[in-house]
Amino acid sequence: MKKLICLSLVASSFLLADTDLEQLKAQMDKQQLMIEKLLKKIQKLEQADASNEQNYIQKLDIKTAHNHQENAVQKKQASETKNATFMQSQYMPDISLIMDTSYVSRSKKDDEAAHLEVPGVAHGLLGSHSHDGDSHSTYNASNGFNLNYAELVLSSAVDPFFTMDGIFHFSEHGVEIEELFFTSTALGYGTRVKGGKFNSNFGYLNEQHHHAWDFADMPLVYESFLGMHGLNEKGLQLQWTAPTKNYLMLGAEVLQGENEQMFGNATIGDAQDPIAKGSRAPSLFVAYAKTSFDIEDTTVLGGLSYANGTSRIDHSDDEDGPHVFSADSVLYGADLTIKHYFDSYSFLTWQSEWLMRDMDGVQYNLDGTGAVVSSPNLTKEQAGLYTQLIYAIDKNWKIGARYDTIYKNDVAANGIDLNKPTDLNKYSTMIEYRTSEFAKFRLQYNRNEALYNEDGMREKIDTIILQANFSIGAHGAHSF
Amino acid sequence: MRFLLLLLPLTLFANLNIAVSYPYIGALTKSIGADKVETVVLAKGNWDPHFVVPRPSLISKVRNADGLIMNGGQLEIGWLPPLIKRAANPKTNINAATFLNLSNHVTMIDKPQSVDRSGGDLHPDGNPHFHLDPKNILILANVIKEYLISMDAKNQDFYEKNYIDFFDMWNKKIDMWNEKMLSKKGLKVIQFHNNLAYFNKSYGLESIATIEPLPGIPPSSKHTISLIKLIKEQKPCCILHDVYHSTKTAEYISSKTDIPVILMPHDIGSLDNTEDLISLFEYLTGAIK
């Protein structure tokens, strides 16, 4: 019985809905007729008006009158489907979501790869590692499938004086605020202030996000010196573009100084009796100059960068040779990019960056209980570079090759050279296919000859990475 | 400090320094502004207007400008926003009075019913290549005149006079071009990308298909085969091709169907004989034999 009532109710509601629809249609038809009549009237009036004016004005006026009519009609229609009271969806920021996933085949098992190091420079470059209590992975960490990240980007003007951008990396381990910053828009004189957390504009590659890189992984020298995030810091940035014909930009940044591989200011050890005392924060200062000029369809962009800060590197929990390193550190960078365009889609880019660091401090070697057993003065003078050539054949295809090296690795304890190896090289090549601006697939091959195992033996590692990168939402514009 | 003083004169002595996205806007601005205005064109006329290389030198050009005129309709979406951001020039911010978006002043056609990237690279506001309708040039000239007056009221009479001269001249040209194209009315054409929509509309040409299967998506063999079939059925006069995409597929279709491929410039500097607005339209209206 109940069912029957329900059914009949449903049926009657459909019928009612139908009649409602018909009424609506009829009403809309009426309105359409009215609009058409109104339009004709307006046209007549406008034409009468226009005929009184001079000949050359007339044509334009009809045209603009026509536009006005159309605007009026549009406005009318818009007012019919008026926004709900207090609706604010027009103020929605630009949103985009980028996913990056890869299939990796490496000539070394994951647990073995994670223990390899670049002697005297860095360890744990491959595979997963943990810092500050969270575990997280480098890009393409594991053999097999990897979900590198989902990057959520939100950006919008705040008011007439600022814009704001937020870039969030979601991984299976959690969410990281990759960047979150405001940028001034109204200062004038070519000056711009940015504050929050952001990628430093040190060098060329550091500011770019992973999905803008030409290879699936970071250059060896960047990743060894600065880790997989590069210089990604809380702080304040000031940039000034000179009022010159050729591009000249000077910038300075004050940063907190918390880079996992190179910079730090936190006290390490017991607060009362620390192993290494902390330094005053903010502790990292960056400055750079960039300039560019064009020779017909070739653009040259070069830059010099400088970073000065303190280092507090905590490896007290390492199983093998626990230690703490405290130093004053300087990082120098030079970059040169030459891009030649053959047409709108095809280009050849030669991009190189050189990094050198100079660290001077004390290494506290610990025993199993965390007590300091020795504290030699340790200096590190290390330098490396990457150079890469990318050829975009057309809109869809790109090929490229990259050479990475750390060629200088002078590490000395109490003035005695530790004879760290210097011929630390990596070779990469890739081919990329895009179905559109929003989807790309990349096949990359790496041969890494920079890694050593715990017995101090060199391990040559071959890696094949098949990367897929997709983006939806707002159109991300390309910067140079 | 002396170094800074040396840099200043660059911006002090010029009258109005207007950055514009495309060459046609530069030419139009120059027609109204003449020697009172310096124009700096950001994009090259022979390249795809959707894909402009955001060279750092363009940042400097925007940084030093007193105003910016762009085409709009999302044609610049892939390259202009980062330049504006980096230039940090309050006069070229999108809400500045000295920022002009031309697409707000013309009626755009082919507005997509629904927007989804599975339909290719769509322009949600309609087809942005509106300057290829010569009548729109008059509207744009008027808009640019008003814009220049708003920035430089003391030269109002100068701009008004130049505008009237341009208007008269252009109207005469429109009549000439109408006459020239009269016999072409009703012809069916094929395009690579629908960038001649306004030109076709104003001269009654009917575009029946594009070589790219969807906007921004490169030709596929399946689509090309169906296109050849369509051409054999509908007998269009020709393939009107832009200058920046490869004509390989068009040549292939041409060889299978015996209809010619005609290069159609989309802006000043697209081809050798298109060095100003008049020669651009002279070329376009004379291209179909």
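Throughout, a chain's letter reflects where its sequence line sits, starting with A, and its residues are numbered from 1. Just so we're clear, the structure is a prediction, and the values are computed from it rather than from any experiment.
- Contacts between K91(B) and chain A at a heavy-atom distance below 4.5 Å are absent for every atom of the residue.
- For T185(A), the parts lying near chain B are the backbone and the side chain together; criterion is any non-hydrogen pair under 4.5 Å.
- No side-chain heavy atom of E437(A) sits under 4.5 Å from any side-chain heavy atom of H50(B).
- Using a 4.5 Å cut-off between heavy atoms, F438(A) touches chain B through its side chain atoms alone.
- Between E296(A) and R55(B), none of the side-chain N atoms (NZ, or NE/NH1/NH2) sits under 4.0 Å from a carboxylate O, so this pair counts as no salt bridge.
- Between the side chains of D343(A) and Y244(B), no donor N or O sits under 3.5 Å from an acceptor N or O.
- Only the side chain of N396(A) comes within contact range of chain B, with at least one heavy atom under 4.5 Å from a heavy atom of that chain.
- K395(A) and H245(B) get closest at one heavy-atom pair: NZ-NE2, 3.9 Å.
- Proximity to chain B (any heavy atom under 4.5 Å) is restricted, for Y345(A), to the side chain, taken from C-beta onward.
- For the pair M249(A) and I59(B), the minimum side-chain heavy-atom distance is 4.5 Å or more.
- A donor-acceptor pair under 3.5 Å is formed between the side chain of N64(B) and the backbone N or O of T244(A).
- No part of T183(A) comes within reach of chain B, as not one of its non-hydrogen atoms sits under 4.5 angstrom from that chain.
- Both the backbone and the side chain of D48(B) come within contact range of chain A, judged by heavy atoms closer than 4.5 Å.
- Listed by chain and residue number, Y247(A), T299(A), L301(A), P56(B) satisfy the side chain to side chain contact (heavy atoms under 4.5 Å, CB included) test with S292(A) (two or more places apart in sequence, or in another chain).
- Here the side chains of F480(A) and L83(B) are not in contact, with every heavy-atom distance at 4.5 Å or above.
- Heavy atoms of A474(A) lying under 4.5 Å from chain B belong exclusively to its backbone.
- For a residue to count as touching a neighbouring chain, one of its non-hydrogen atoms must lie under 4.5 Å from one of that chain's; by this rule N201(A) touches chain B with the side chain only.
- The shortest distance between side-chain heavy atoms of R117(B) and H475(A) falls below 4.5 Å.
- Only the backbone of T298(A) comes within less than 4.5 Å of a heavy atom of chain B; no side-chain atom from C-beta onward does.
- Checking side-chain atoms of N89(B) against main-chain N and O of G188(A) turns up no donor-acceptor pair under 3.5 Å.
- Within the model, atoms CG of L248(A) and OG of S60(B) stand 8.0 Å from one another, a figure rounded to the nearest 0.5 Å.
- The neighbour count for K201(B) NZ, taken as heavy atoms of other residues, nucleotides or ligands under 6.0 Å away, does not exceed 12.
- A donor-acceptor pair is defined here as one N or O able to donate and one able to accept, closer than 3.5 Å; such a pair exists between the side chain of R63(B) and the backbone of Y189(A).
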